[in-house]
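Note sheet for the following structure.
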2 protein chains.
Amino acid sequence: MAEGRRVEIVAAAREILEAEGSSALTMRAIAERVGIRAPSLYKHFPDKAALEVALVAVGLAETAEIFEEAIRNAGDPVGALARAYRAWALGHPHLYRLMNDQPLPRERLPEGLEARAAQPLIGATGGDLAMARATWGLAHGLTSLELASRFPAGADVDAAWAAGTAAIAVGIGRRTPSS
Amino acid sequence: MAEGRRVEIVAAAREILEAEGSSALTMRAIAERVGIRAPSLYKHFPDKAALEVALVAVGLAETAEIFEEAIRNAGDPVGALARAYRAWALGHPHLYRLMNDQPLPRERLPEGLEARAAQPLIGATGGDLAMARATWGLAHGLTSLELASRFPAGADVDAAWAAGTAAIAVGIGRRTPSS
DNA sequence: GTCTATACCCGGATAGAC
DNA sequence: GTCTATCCGGGTATAGAC
């Protein structure tokens, strides 16, 4: 099928991004990995931005799955989600940044994908959107600081996660009477 | 004095960064703003990275002052710090990112500057470093998501800040018996 | 759908005269 | 400490042949 090449190109782009970071993600590098020349990529994607959108979509779909798995049979949904969030981000730092450091290209993303990725967390807060966003903020902030090596050497990041998620969990209980 | 030119160059760099973002922060643009040619900058700074370090130092010193002011006479130190943090970051988004999206160049920063900027928050958590880092994570995460326009249109970001900081404040009270 | 050739623009940084 | 001239490398993207 004609779409096979597109998938192959996105896979190559992802490998480069994850291995060498966004500055290494050039059209020439992607093409070389696929085994073609850079100009040929433009027969499959109109421009580089379109290729990056495909990468973001792949990352969102993957995290949605991870989150859904994390809350299955979890006695502590917030803690389980936090652990899954952090583990995935640390395992895919450059893709994580591509997904989260810029506005989502919502109009070019598959319908419902963003909502699907957000649903597990919203469920964990009992539908409380403010607490869901606060929880996301906490997770994204700790993750970003860790990825950027912004904490001083020797800082106990695990303890910060534990303290933050515990406070959030208590906060959710206080706001949702039906806990 | 000979240092005057350095200060002038850093000021020009800051103006460009804040007005046009990091991609516009080129040696040529900085030089043009100062009224000289790009190569002349290398008589004052060894390379571009050194100039960026100076920008980070300026931002750190400024935020340290802001935070110290915020906790003065504040009945709710965490809330006051959160408001000051958010306001400064939204007012200086590109400098904020330069300061926080990469490792701190600690060995080239004035002695004690990082500690001074961190002190108000550590004080607000009663010396609880884990809670201080969780609070920083929350603030940095909400700020980053807001700066990156990652929340859906219409999302109530104020409510997320309120919910998160309230939960953190309660968490601090629970962990420090001497509240 | 792939290729070669190339346009076009941009960046950081250096050499050497004044 | 400033200048001009320039090196050197890199990027996205297009034209046109095959």
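Any value given below was found using the heavy atoms of this structure, including those in side chains, with hydrogens, waters and symmetry copies removed. Chain A is the first sequence line, chain B the second, and so forth, proteins listed ahead of strands; every chain is numbered from 1. Just so we're clear, the structure is a prediction, and the values are computed from it rather than from any experiment.
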Give one of base, sugar-phosphate or nothing for B:K43, where a contact means two heavy atoms less than 4.0 Å apart. base
Distance in angstrom units between A:L51 CG and D:dA13 C1', rounded: 14 Å
Those residues at least two apart in sequence (or on a different chain) that pass side chain to side chain contact (heavy atoms under 4.5 Å, CB included) with B:A82 are B:W161, B:T165
Interatomic distance where CG belongs to B:L41 and P belongs to C:dA13 [whole Å]: 11 Å
Hey, which of these two, A:P46 or A:T26, hits DNA chain D nearer its 5' end, going by closest nucleotide? A:T26
From C:dA13, D:dC3, C:dC3, pick the nucleotide closest to the side chain of B:I36? D:dC3
If you check the B:Y42 side chain, which of C:dG12, D:dT2, D:dA13 turns out closest? C:dG12
Take atom CZ of B:F45 and atom P of C:dG12, then tell me their distance rounded to the nearest Å. 14 Å
Quick check for you: to the nearest 0.5 Å, what is the distance between B:R106 atom CZ and A:S149 atom OG? 8.5 Å
In whole angstroms, the gap separating P of D:dG10 from NZ of A:K48 amounts to 15 Å
Test of ring centre spacing under 6.0 Å for A:W88 and A:F67: no
Lys/Arg N to Asp/Glu carboxylate O, A:E32 vs A:R37, below 4.0 Å: no
Tell me whether A:I122 shares a hydrophobic cluster with B:V157, the cluster being built from Ile, Leu, Val, Met, Phe, Trp, Tyr side chains joined at under 4.5 Å. no
Nearest whole Å is fine: how far is D:dT2 C1' from B:R6 CZ? 18 Å
CE of B:M27 to CG of B:L51, rounded to nearest 0.5 Å, is 5.5 Å
Distances under 3.5 Å between protein N/O atoms and the N/O atoms of nucleotides 4-9 of chain D, please, pair by pair.
from: D:dT4; atom 1: OP2; to: B:R37; atom 2: NE; distance (Å): 3.0

